[in-house]
Amino acid sequence: MSKMAGNTLREAGEGISPGRDLGPLVERVLEEGADVFFRVDSPLGPVFVAAGSRGVTCVDRAGIPEDFVRRYRERFGRLLVPAGEREGGFVRRVAAALAGRRVEVPLDLERMTPFQRRVMRVVRGIPRGEVRPYGWVAREAGSPGASRAVGNVMARNPVPLLVPCHRVVRNDGTPGNYGFSPQEKVRLLREEGVPLEELSGSPYAATPTTGVFCHATCRHARRIQPENRIPFRSPADALDAGFRPCRVCRPAAV
DNA sequence: TGATTGACTCTCA
DNA sequence: ATGAGAGCCAATC
């Protein structure tokens, strides 16, 4: 750890004459400039998490710390130093969130465009164990028809898991692609209890008892008794059959 | 400004 | 069923 900090500070010290005491620089960097990072376990395995004063900026698979720090500077233009005692509570919070607990973690998405931020906010609200299509995310974000653009946002999601982009799937109920690998997406969703095979081909479900249809993984849909469950391939089919969209999971525009 | 790109989504053989 | 092709939207250069 201390060795790594040394490297980081050396890089930060461009313009500082050799031999100068770096102590004051350390303090200045910690007080006003540097973001911090730490390593923590996650469903994707060990990851590095970086955060600034506004919140988490980046989550990525843990590799060589120096590489992470270097890439971070290239991408965010910010210096990165290992988290210390002061960040202990924050680190535990992030660890809990990554472990799947419903803990609020502040995110710093300042660098993203308004559309990208809206998409991130929508995706963040998809509960564990549930999935939603790209097209639905687009509509919820205020840009119906922008499903492909949503895919582009997901592909560059700086904070995977914290914004659960693995829960965004294709409209036909198949998992679709994922930055780390489609297999990884399937594994994560299985771990969360998503019945992928049941979803594929009929990602919507209705029950005559209420006349409502849902995304098949909506918490309401999952309570439908098997004998009452009517699967649907698309919202249009469910509407044609006389069902109305669930107000919780909003499978179609009202 | 215009062309290109792509974790999408339809339609039609 | 399955795959090619076209349409689409926001970002990027």
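Numbered from 1 within each chain, the chains take letters A, B, ... in sequence-line order. Keep in mind it's a predicted model, so treat the numbers as computed, not measured.
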Q.
By nearest heavy atom, map A:Ala155 and A:Asn171 onto DNA chain B; which one lands nearer the 5' end?
A. A:Ala155
For [X] and [N], what is the distance between atoms [atom1] and [atom2] respectively, to the nearest whole Å?
X	N	atom1	atom2	answer
A:Arg117	C:dA10	CZ	P	16 Å
A:Arg118	C:dA11	CZ	C1'	13 Å
A:Glu184	B:dA7	CD	P	17 Å
A:Trp136	B:dC10	CH2	C1'	21 Å
A:Ile126	B:dA7	CD1	C1'	13 Å
A:Leu189	B:dA7	CG	P	18 Å
A:Met112	C:dA11	CE	P	10 Å
A:Met154	C:dC9	CE	C1'	14 Å

Does a nitrogen or oxygen in the side chain of [X] sit under 4.0 Å from OP1 or OP2 of [N]?
X	N	answer
A:Ser143	C:dC9	no
A:Arg170	B:dC8	yes
A:Asn152	B:dA7	no

(Q) Run A:Leu162 and A:Val59 through side-chain contact (heavy atoms from CB on, under 4.5 Å) and show every step you take. (A) CA-CA 8 Å; A:Leu162 294 181; A:Val59 174; 3.9 Å; yes
Indicate, with a heavy-atom threshold strictly under 4.0 Å, whether [X] touches base, sugar-phosphate, or nothing.
X	value
A:Tyr178	base
A:Ala149	base
A:Gly179	base

(Q) Heavy atoms from C-beta onward define the side chain here; which of B:dA7, C:dC8, B:dC10 lies closest to that of A:Arg148? (A) C:dC8
Q. Taking the side chain of A:Ser147 as its heavy atoms from C-beta onward, which of B:dA7, B:dC8, C:dC9 lies nearest to it?
A. B:dC8
(Q) Using only modelled atom types and a 3.5 angstrom limit, is any donor from either the side chain of A:Tyr134 or the base of B:dA7 paired with an acceptor on the other? (A)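 A donor-acceptor contact between them is present.
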Q: For the pair A:His215 and A:Tyr204, name the ring-plane relationship: parallel under 30°, tilted 30 to 60°, perpendicular over 60°.
A: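 Tilted, since the angle between the ring planes falls between 30° and 60°.
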Q | With A:Phe37, the ring pair (Phe, Tyr, Trp, His ring centres under 6.0 Å) member among A:Phe48, A:Tyr72, A:Phe76 | A |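 Among A:Phe48, A:Tyr72, A:Phe76, the one meeting ring pair (Phe, Tyr, Trp, His ring centres under 6.0 Å) with A:Phe37 is A:Phe48.
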Q. Pick one: which of A:Arg187, A:Glu192, A:Glu184 meets side-chain hydrogen bond (donor to acceptor under 3.5 Å, both in side chains) with A:His166?
A.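 Only match with A:His166 under side-chain hydrogen bond (donor to acceptor under 3.5 Å, both in side chains): A:Glu192.
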Q | A:Asp60/A:Arg71 ion pair, N-O < 4.0 Å | A |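 Salt bridge present between A:Asp60 and A:Arg71.
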